Amino acid sequence: MTIEIAFLQDDFPELDRDGNRARVTRAAEDAAARGCDVLALPELWCSGYDLARVAEVDDWEREFEFLADLSRDTGLAILGGSLLEPVPGGDAGKFYNCAVVFDRGAELARYRKAHLFAPLGEDRFLEPGPELPTTFDVRGVRCALSVCYDLRFPELYRQVVTSDEENPGIDLLFVPAQWPMVRVHHWRTLLIARAIENQCFVLGVNRRGKYGEVEFGGNSLLVDPWGGLTLDARDDVGLLTTSLDPTLLADAKKKLPTLPDRRTDLYP
């Protein structure tokens, strides 16, 4: 059974809370009308990356409620990119960069971005997540979350994929991002590498548009377990749809079963 996936590759202007929520609402309604099962969003779609000013805006927690309500109203599973989550009991004005998933209104998972990108000053405004991603099921597909810069750390993904010793493997890794155009070749290459080495689908959803001098690179991809591109958004803007065929997972693992050949005596 294929899973119909929609994702929104668009510009999300900094601190344009109402405008960004309206974009996501229209996309969810459109995805539901097209018969999709899943809507996927990019990193920090609601706030953007003006991290020096996000603390001036109150009640970022309500964006989690917004996505939960939208998921329930449309019947979609929403891979909600990431949102700002205030650090409980932490420094005033510090946040987690928190990826979240809802299905028909129910929260399935949260993951706080573990690796912060110091050249952009993330470490001054954000707190690194304290835990590895956990796995969860969306419409029969076993998934895990990560966020943007995490993509450069393959050990994170291997830990998740092999966390269940009796049943290693995963179906779909989701990577929301605001990845710059200047390094978009890295983005594409690393998404494909993560899919091949972990024998799973990888869905990378990236922003388009600009913030200051930074142009965001788009090039959202759905990569299959063989490294093939099921969908390549390139420079497109708007809602795009594709299908995920889980039978490809079994085919890849049967023809090239790499996970059982790991040398855990050499590298735990």
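All values reported here derive from a predicted model rather than from experimental measurement.
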Check your understanding: With a distance cut-off below 6.0 Å to the six-membered ring centre and an angular limit of 45° from the axis, does Arg17 pair with Trp60 as a cation-pi contact?
Key -> yes

Practice item. Would you check if the side chain of Asp224 reaches a backbone N or O of Gly228 as a donor-acceptor pair within less than 3.5 Å? Key: yes

Check your understanding: With no hydrogens and no angle check, do the side chains of Asn206 and Ser220 hold a donor and an acceptor under 3.5 Å apart?
Key -> no

Check your understanding: Can you find a side-chain donor-acceptor pair between Ser243 and Glu4 that sits under 3.5 Å?
Key -> yes

Practice item. For residues Arg110 and Phe64, determine if any side-chain heavy atom of one lies less than 4.5 Å from a side-chain heavy atom of the other. Key: yes

Check your understanding: Would you say the side-chain atoms of Arg124 pair up with the backbone N or O of Ala118, donor to acceptor, closer than 3.5 Å?
Key -> no

Check your understanding: Roughly how far, to the nearest 0.5 Å, is the NZ atom of Lys253 from the CG atom of Leu259?
Key -> 7.0 Å

Check your understanding: Quick one: does Leu126's side chain get under 4.5 Å of Leu84's, heavy atoms only?
Key -> yes

Revision key, fill the gap. One should read off an interatomic distance between Thr230 OG1 and Asp245 CG, to the nearest 0.5 angstrom, of 9.0 Å

Practice item. Any chance you could measure Leu145, atom CG, to Leu132, atom CG, to the nearest 0.5 Å? Key: 12.5 Å

Review point. Quick one: are Val101 and Ile78 in side-chain contact, heavy atoms under 4.5 Å?
Key: no

Review point. Got Leu229 and Val223 here, is their nearest side-chain heavy-atom distance under 4.5 Å?
Key: yes

**Study point:** Side-chain (Asp103) to main-chain (Ala106) donor-acceptor, under 3.5 angstrom
**Key:** no

Practice item. Apply the test side-chain hydrogen bond (donor to acceptor under 3.5 Å, both in side chains) to residues Tyr157 and Ser146: give CA-CA distance (whole Å), side-chain angles for both, the deciding distance (0.1 Å), then the verdict. Key: CA-CA 8 Å; Tyr157 298 89; Ser146 60; 2.8 Å; yes

Exercise for review: Taking Ser71 for its side chain and Leu76 for its backbone only, find out whether a donor-acceptor pair lies under 3.5 Å.
Suggested key: yes

Point to revise | Pi-cation contact, Tyr267 with Arg262 (under 6.0 Å, within 45°) | key: no

Practice item. Please report the shortest heavy-atom distance between Cys46 and Asn20, naming the atom on each side. Key: O-ND2, 3.0 Å

Review point. Under 3.5 Å, is there a donor-acceptor pair linking the side chains of Tyr49 and Glu43?
Key: yes

Point to revise | Audit row: Arg34, Glu29, side-chain contact (heavy atoms from CB on, under 4.5 Å) steps and yes/no | key: CA-CA 9 Å; Arg34 297 190 199 184; Glu29 293 171 348; over 6 Å; no

Point to revise | Check ion pair Glu14-Arg53 (N to O, under 4.0 angstrom) | key: no

Point to revise | Worked check of side-chain contact (heavy atoms from CB on, under 4.5 Å) between Asp150 and Val175 | key: CA-CA 8 Å; Asp150 286 333; Val175 191; over 6 Å; no

Review point. If Ile, Leu, Val, Met, Phe, Trp and Tyr residues are connected whenever their side-chain heavy atoms lie under 4.5 Å apart, and connections chain through other members, are Val205 and Leu239 in the same group?
Key: no

Point to revise | Ser82 (side chain) donor-acceptor with Leu44 (main chain) under 3.5 angstrom | key: yes

Point to revise | Between Gln178 and Arg207: side-chain donor-acceptor atoms closer than 3.5 Å | key: yes

Review point. Any side-chain heavy atom of Phe201 sitting closer than 4.5 Å to one from Pro225?
Key: yes

Review point. How far does OG1 of Thr189 sit from CZ of Arg194, to the nearest 0.5 angstrom?
Key: 10.0 Å

Practice item. For Arg112 and Asn97, test the side chains for any donor-to-acceptor distance below 3.5 angstrom and give the result as yes or no. Key: no

Review point. Salt-bridged, Arg139 to Asp171, with N to O below 4.0 Å?
Key: no

Practice item. Please determine if Arg26 and Asp30 form a salt bridge, counting it only when a charged side-chain N lies under 4.0 Å from a carboxylate O. Key: no

Review point. Rounded to the nearest 0.5 Å, what separation is found between the CH2 atom of Trp45 and the CG atom of Leu67?
Key: 5.0 Å

**Study point:** From CG (Leu173) to SG (Cys200), nearest 0.5 Å
**Key:** 4.0 Å

Review point. Is there a path of hydrophobic side-chain contacts, each under 4.5 Å between heavy atoms of I, L, V, M, F, W or Y residues, that connects Leu222 with Leu240?
Key: yes

Review point. Please walk me through it: do Arg62 and Asp69 pass salt bridge (Lys or Arg N to Asp or Glu O under 4.0 Å)?
Key: CA-CA 11 Å; Arg62 67 187 172 105; Asp69 291 344; over 6 Å; no

Practice item. Side-chain contact test, heavy atoms from C-beta onward, threshold under 4.5 Å: evaluate it for Leu39 versus Leu79 and give yes or no. Key: no

Check your understanding: Does the pair Thr135 and Ile170 meet the rule for a side-chain contact (heavy atoms from CB on, under 4.5 Å), with working shown?
Key -> CA-CA 8 Å; Thr135 60; Ile170 205 165; 3.7 Å; yes

Revision key, fill the gap. Between Pro154 and Glu197, the two heavy atoms sitting closest are CB-OE2, 3.7 Å

Check your understanding: Can we say Glu215 and Lys210 salt-bridge, meaning some charged N sits less than 4.0 Å from an Asp/Glu carboxylate O?
Key -> no

Point to revise | Main-chain N/O of Cys143 paired to Asp137 side chain as donor or acceptor, under 3.5 Å | key: no

Review point. Are any of the side-chain heavy atoms of Phe95 and Phe125 separated by less than 4.5 Å?
Key: no

Practice item. Without swapping roles, check the side chain of Gln9 against the backbone of Asn219 for a donor-acceptor pair under 3.5 Å. Key: yes

Practice item. Check whether any side-chain heavy atom of Arg183 lies under 4.5 Å from a side-chain heavy atom of Leu190, and answer yes or no. Key: no

Point to revise | Salt-bridge present (Asp236, Arg234; N to O < 4.0 Å) | key: no

Review point. Looking only at heavy atoms, what is the nearest atom pair of Glu127 and Tyr96, with distance?
Key: O-CD2, 3.3 Å

Point to revise | Residues Lys254 and Asp251 bridged, charged N to O under 4.0 Å | key: no

Exercise for review: Look at the side-chain heavy atoms of Ile, Leu, Val, Met, Phe, Trp and Tyr, link any pair under 4.5 Å apart, and say whether Leu231 and Ile192 land in one connected group.
Suggested key: yes

Check your understanding: Trp187, Leu172: one ILVMFWY side-chain cluster at the under-4.5 Å cut-off?
Key -> yes

Check your understanding: How far apart are the C-alpha atoms of Thr25 and Phe66, what are their side-chain angles, what is the distance that settles it, and do they pass the side-chain contact (heavy atoms from CB on, under 4.5 Å) test?
Key -> CA-CA 9 Å; Thr25 298; Phe66 164 74; 3.4 Å; yes

Practice item. Identify the heavy atoms of Phe136 and Ala144 that sit nearest to each other, and give their distance. Key: CE2-CA, 3.9 Å

Check your understanding: Is the distance between the ring centroids of Tyr149 and Phe153 less than 6.0 Å?
Key -> yes

**Study point:** Minimum heavy-atom distance between Cys148 and Lys113, given as atom pair plus value
**Key:** CB-NZ, 4.1 Å

Check your understanding: Going hydrophobic residue to hydrophobic residue with side-chain gaps under 4.5 angstrom, can you get from Leu120 over to Val147?
Key -> no

Check your understanding: At their closest point, which heavy atom of Asp232 faces which heavy atom of Arg188, and how far apart are they?
Key -> OD2-NH2, 2.8 Å

